[in-house]
Amino acid sequence: MVRFTSALLLAGALGFVNAQTIINENGEVIPATEGTVSPPGEAVIDETSGLEYILLTDAALENLTELELSNITLFEFPKDDVAKRAFTSCKTFPGDFFWPSKVIWKVFNLLTGGALIETVPIGAVCYNSTKHYDEAKCQNLLDNWTKSETHANDPSSVMSPLYQGQTCLPQNSETGTCELGGYASYVVKATTIAQIQLAINFARNLNLRLVVRNTGHDFLGRSTGAGALSIWTHHFKNIKFIETYKSKSYSGPAFKLGAGVQVGELYAAAKQYGVTAVGGECKGVGVTGGYIAGGGHSPLSSKYGMGADQVLSIDVVLPNGRFVIADEDNNRDLFWALRGGGGSTFGVVTGMTLKVYPKMSFSGLTWTILTGPDTSNTDEIFWAAMEAYWSEFPSYAEQGTYGYSTLFSRGPGIGYTWTMHPWTVPGMSLTDFKAMVAPLFAEWAALGFEFQAEYFEHDNFYDTWSTHFPTETVGNTNLHTASRLFPKKNWQDENILNSTLAAIRSVVEEGSALIGYNVNGAAPAGTPDSAVNPAWREAVMFGIVGGGWAPDTPPEDVEATNRQITYDWMERLRQVTPGGGGYGNEGDVMEPDFAQAFYGSSYDRLLQIKKATDPWDVFWAPTAVGSEGWYVTDQEEWLTTQTGRLCRKGF
Ligand SMILES: Cc1cc2nc3c(=O)[nH]c(=O)nc-3n(C[C@H](O)[C@H](O)[C@H](O)COP(=O)(O)OP(=O)(O)OC[C@H]3O[C@@H](n4cnc5c(N)ncnc54)[C@H](O)[C@@H]3O)c2cc1C
Ligand SMILES: *[C@@H]1O[C@H](CO)[C@@H](O)[C@H](O)[C@H]1NC(C)=O
Ligand SMILES: *[C@@H]1O[C@H](CO)[C@@H](O)[C@H](O)[C@H]1NC(C)=O
Ligand SMILES: *[C@@H]1O[C@H](CO)[C@@H](O)[C@H](O)[C@H]1NC(C)=O
Ligand SMILES: *[C@@H]1O[C@H](CO)[C@@H](O)[C@H](O)[C@H]1NC(C)=O
Ligand SMILES: CC(=O)N[C@H]1CO[C@H](CO)[C@@H](O)[C@@H]1O
């Protein structure tokens with residue numbers, strides 16, 4: 001009935017496999033070690049980049065069988081793409097009878113050339129109940145907890161600890177416990193494509209939960225999972241400049257990027273080659289991992305479209321373990337789906353080729369404005385000023401604006417801090433920029449709204465970004481966010497605009513933070529069709545709302561806060577944008593109709609491609625395409641974390 005035979009599973013569970021030894025070419029029985037087992041793989045040269053790829057091929061696997069390394073069947077490619085249901089409804093979990101024995105994990109480690117890491121939670125250095133306790137390392141971790149690199153450089157950490165169940169937090173070492181929680185059990189620190197292929201085959205053949213993790217930035221817990229094998233793509237760091245890349249729809253400069261390249265590295269390379277690249281705003285976010293998979297908004301988006309609109313070609317290992325290239329001519333369904341259809345769904349991306357643009361100037365401004373009773377910006381003046389600003393969003397977006405601001409309450413009844421981080425327009429001179437904002441500032445002056453704008457102008461993107469964008473802060477332990485895209489059409493009717501702005505205002509007045517973007521998500525002419533959420537294409541405003549709670553908040557209040565975000569605040573935003581959507585990469589893991597909200601009219605086609613590519617459901621992540629067929633056990637009704645088993649619904 002199942003793809004893998006029950007005998008093999010038994011072998012795995014009981015540790016029958018004789019992996020301590022191998023028989024070498026001379027027929028001698030020798031110990032299996034990193035010295036005697038050479039990881040399977042064949043080198044091929046990638047045409048576009050000239051890079052050497054190590055691939056797992058049938059011949060390379062065959063070779064291992066010849067060497068009589070036991071039970072290579074665990075790593076085999078499927079015989080066909082027909083999945084039969086496993087005889088259990090859940091993915092195999094640590095402690096289960098069929099969970100691989102230590103010996104099997106050892107074989108797997110040898111075949112990956114020693115790339116397997118058994119998870120130690122990042123906070124273990126702070127827990128004297130573990131053998132990893134180290135006071136100095138603990139202090140260092142506490143000092144660096146909110147920096148993204150602290151987590152991105154760890155094999156298993158995630159930047160939203162909510163989803164790993166808040167276990168083993170360094171801040172809680174006096175009261176907390178250090179367990180594996182929602183962390184993956186094992187991690188493959190991948191540096192070759194062959195290792196990723198092996199890991200996928202292994203997980204598929206043994207019915208293991210598989211997780212893909214790049215940086216761990218995810219806001220929904222999509223890069224972690226209890227009892228999982230995790231593929232860590234962080235070390236795919238190649239950046240190769242291609243002077244002229246030619247495809248059906250494009251001829252021009254491009255970057256070939258490994259899957260582990262982060263925004264800051266991309267921007268530094270772009271500066272070095274005198275070009276402008278499209279990426280996110282924070283330096284630690286991955287480029288070709290979750291960011292582009294989910295669409296990806298950028299300071300350049302109003303001019304050049306979404307991150308996904310830059311993609312020329314994609315290297316990907318599929319659920320069947322095979323490596324393919326998807327572009328306008330090859331694997332076209334995948335090429336469509338991998339641009340916007342979400343990460344951890346159709347395979348593991350190992351690299352992408354992306355368009356880049358000429359070097360250009362940027363002008364813009366930043367500000368920090370305080371409101372409230374201790375300032376001259378009363379609530380009434382502030383909201384009037386805010387509405388005057390919001391009202392012009394379609395016009396600013398049309399002119400290429402990227403406006404990124406945060407609005408945080410200074411405390412109940414004390415007013416707000418409104419920070420612009422920045423408002424910038426690629427390619428616009430400062431003179432033109434000042435002319436664009438002049439009418440707004442005149443209106444603000446008439447209202448008596450007090451503010452101080454700091455203007456800037458740079459001749460390249462890197463200096464703009466490194467000088468005027470905030471450093472990212474991560475690791476917040478109790479934070480739940482959600483998002484909504486606001487279409488241009490809401491500005492075309494005065495009553496609808498009024499109710500849209502009133503809805504946003506009401507949510508902020510009740511305590512939500514607002515991270516607001518003024519951006520035009522439309523695809524530039526000539527961009528190949530993709531699965532980017534159609535709601536992005538209509539949007540002129542993107543808003544992230546949500547909030548946190550103190551660690552000692554009683555459970556019923558935590559529940560109330562979470563429910564308020566998903567079902568009250570977000571419901572008001574959904575009601576003013578009927579048929580619209582949110583941004584899956586910065587969305588609510590509890591979004592009631594996530595398929596509609598995060599994928600819109602693309603969902604049905606995405607689901608067909610998912611079923612055709614991954615009939616085994618090797619890949620799963622909350623809110624990913626096809627995820628509705630599965631659930632994580634032992635979760636609160638109002639918040640799904642990744643601490644339970646992954647099980648099939650209606651089995
Ligand atoms: C501080 C901060 C700033 C941000 N700024 C922006 C921004 O400016 N614009 C924007 O659009 N978004 C932004 N985001 C959201 C960001 O796009 C998502 O968090 C995104 O999922 C991050 O991708 P990652 O690969 O870095 O993270 P990860 O958490 O490692 O992965 C995220 C998801 O992608 C999957 N994935 C990762 N790599 C691969 C791969 N190689 N193949 C297949 N699946 C993969 C993972 O399984 C997971 O489901 C920001 C987030 C944070 C925390
Ligand atoms: C098979 O193994 C031998 C010995 O390790 C090696 O030299 C050869 O390249 C391998 N062939 C393939 C196809 O992996
Ligand atoms: C963070 O880590 C670095 C490198 O380990 C260390 O030198 C530094 O003291 C730590 N603390 C802060 C606050 O940066
Ligand atoms: C371990 O830590 C706990 C909590 O901080 C503390 O009470 C205990 O004394 C520590 N034990 C040892 C052996 O240091
Ligand atoms: C907008 O809504 C407010 C209430 O929020 C109302 O007082 C005002 O008259 C409305 N304006 C228009 C143009 O409908
Ligand atoms: C190739 C090989 O050694 N296969 C072994 C895998 O495990 C089963 C169960 O122990 C053995 O019977 C096979 O010989």
Side-chain angles (χ1 to χ4, degrees), residues 24-25 36-43 55-64 66-67 126-129 133 135 148 151-152 158-160 163 172-176 190 194 196 210-225 230-234 236 258-260 262-263 279-299 301 306-308 314-317 338 342-352 402 404 469-476 481 483 515 517 519 536 542 544 583-587 619-624:
N24 69 11
E25 292 103 322
T36 58
V37 177
S38 52
E42 281 189 81
L55 302 182
L56 185 71
T57 57
D58 291 306
L61 270 181
E62 243 347 270
N63 213 6
L64 288 171
E66 271 167 30
L67 294 180
C126 296
Y127 284 77
N128 64 14
S129 55
Y133 180 71
E135 205 180 326
S148 73
H151 306 278
V158 285
M159 299 180 204
S160 294
Y163 300 102
N172 292 354
S173 64
E174 306 259 310
T175 51
I196 293 176
L210 186 69
V211 155
V212 189
R213 179 176 161 277
N214 181 18
T215 64
H217 269 82
D218 203 74
F219 284 119
L220 298 83
R222 296 179 300 179
S223 40
T224 194
S230 170
I231 296 173
W232 188 24
T233 57
H234 181 59
F236 277 68
Q262 292 165 278
V263 163
E281 42 103 2
C282 280
K283 72 171 181 182
V285 176
V287 181
T288 74
Y291 169 78
I292 281 183
H297 61 81
S298 166
S301 284
M306 305 290 289
I314 304 172
D315 294 344
V316 57
V317 182
L338 289 166
S344 192
T345 307
F346 307 100
V348 177
V349 168
T350 59
M352 288 191 187
Y402 171 79
Y404 161 39
F469 281 67
T471 46
E472 54 189 329
T473 304
V474 305
N476 193 317
T481 51
S483 73
I515 302 175
Y517 296 82
V519 62
W536 263 117
F542 169 55
I544 302 176
Y583 178 33
N585 272 350
E586 299 181 313
F619 290 89
W620 185 89
T623 73

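Start at 1 and go down the list; that is how both ligands and their atoms are numbered.
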Anything under 3.5 Å between an N or O on ligand 1 and a protein N or O? List each pair with its distance, or write none.
| unit_1 | atom_1 | unit_2 | atom_2 | d |
| --- | --- | --- | --- | --- |
| ligand 1 | 8 (O) | Glu281 | N | 2.8 |
| ligand 1 | 9 (N) | His297 | O | 3.0 |
| ligand 1 | 9 (N) | His297 | ND1 | 3.4 |
| ligand 1 | 9 (N) | His297 | NE2 | 3.3 |
| ligand 1 | 11 (O) | His297 | N | 2.8 |
| ligand 1 | 11 (O) | Tyr583 | OH | 2.6 |
| ligand 1 | 14 (N) | Glu586 | OE2 | 3.0 |
| ligand 1 | 17 (O) | Asn585 | ND2 | 3.4 |
| ligand 1 | 21 (O) | Asp218 | OD1 | 3.3 |
| ligand 1 | 23 (O) | Gly290 | N | 3.4 |
| ligand 1 | 23 (O) | Tyr291 | N | 3.4 |
| ligand 1 | 25 (O) | Asn214 | ND2 | 3.1 |
| ligand 1 | 25 (O) | Gly290 | N | 2.9 |
| ligand 1 | 26 (O) | Thr215 | OG1 | 2.6 |
| ligand 1 | 26 (O) | Gly286 | N | 2.9 |
| ligand 1 | 27 (O) | Thr215 | OG1 | 3.1 |
| ligand 1 | 29 (O) | Gly216 | N | 3.4 |
| ligand 1 | 29 (O) | His217 | N | 3.1 |
| ligand 1 | 29 (O) | Asp218 | N | 2.9 |
| ligand 1 | 29 (O) | Ser223 | OG | 2.7 |
| ligand 1 | 30 (O) | Asn214 | N | 2.7 |
| ligand 1 | 30 (O) | Thr215 | N | 2.9 |
| ligand 1 | 30 (O) | Gly216 | N | 2.9 |
| ligand 1 | 41 (N) | Val349 | O | 2.8 |
| ligand 1 | 42 (N) | Val349 | N | 2.9 |
| ligand 1 | 44 (N) | Ser344 | N | 3.1 |
| ligand 1 | 47 (O) | Val212 | O | 2.6 |
| ligand 1 | 49 (O) | Arg222 | O | 3.2 |

Taking non-hydrogen atoms within less than 4.0 Å of ligand 4, which protein residues qualify?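 Within 4.0 Å of ligand 4, the protein residues are Asn128, Glu174.
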Could you go through the side chain to side chain contact (heavy atoms under 4.5 Å, CB included) check for Met352 and Asp315 one step at a time? CA-CA 6 Å; Met352 288 191 187; Asp315 294 344; over 6 Å; no
Please work out which of the three classes, parallel, tilted or perpendicular, describes the rings of Trp232 and His234, given edges at 30° and 60°.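 Parallel: the ring planes of His234 and Trp232 meet at under 30°.
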Side chains of residues 343-351: which donor-acceptor pairs under 3.5 Å do they make with residues two or more places apart or in other chains?
| unit_1 | atom_1 | unit_2 | atom_2 | d |
| --- | --- | --- | --- | --- |
| Thr345 | OG1 | Gly343 | O | 2.6 |

Just do the side chain to side chain contact (heavy atoms under 4.5 Å, CB included) check on Glu472 and Val263 with the steps written out, would you? CA-CA 12 Å; Glu472 54 189 329; Val263 163; over 6 Å; no
Side chain to side chain contact (heavy atoms under 4.5 Å, CB included) between Glu281 and Tyr402: does it pass, once the steps are laid out? CA-CA 11 Å; Glu281 42 103 2; Tyr402 171 79; 3.5 Å; yes
If the cut-off is 4.0 Å to any non-hydrogen atom of Ala60, which atoms of ligand 2 fall inside it?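 Ligand 2 atoms under the 4.0 Å threshold to Ala60: 14 (O).
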Check for me whether Ser38 has a heavy atom closer than 4.0 Å to any atom of ligand 2.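 Yes.
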Do Val474 and His151 touch side chain to side chain, with heavy atoms closer than 4.5 Å?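 A side-chain contact exists here, since the closest heavy-atom pair is under 4.5 Å.
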Counting C-beta onward and ignoring hydrogens, is there a side-chain heavy-atom pair between Met306 and Ser298 closer than 4.5 Å?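 No - every pair of side-chain heavy atoms lies 4.5 Å or more apart.
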Polar-atom distance check: Glu42 versus ligand 2, any N or O pair below 3.5 Å?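 No; the residue has no nitrogen or oxygen that sits under 3.5 Å from a nitrogen or oxygen of the ligand.
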Is the side chain of Asp218 donor-acceptor paired with the backbone N or O of Gly221 at a distance under 3.5 Å, no angle test?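 Judged by distance alone, yes, a pair lies under 3.5 Å.
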What do the steps show when you test Ser483 against Glu586 for side chain to side chain donor-acceptor pair (under 3.5 Å), and what is the final call? CA-CA 6 Å; Ser483 73; Glu586 299 181 313; over 6 Å; no
How far apart are the C-alpha atoms of Thr233 and Asn214, what are their side-chain angles, what is the distance that settles it, and do they pass the side chain to side chain donor-acceptor pair (under 3.5 Å) test? CA-CA 5 Å; Thr233 57; Asn214 181 18; 3.3 Å; yes
Under the ring-ring contact (aromatic ring centres under 6.0 Å, His included) test, which residues partner His297, sequence neighbours left out?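 With neighbours one apart ignored, the set is Tyr517, Trp536, Phe542, Tyr583.
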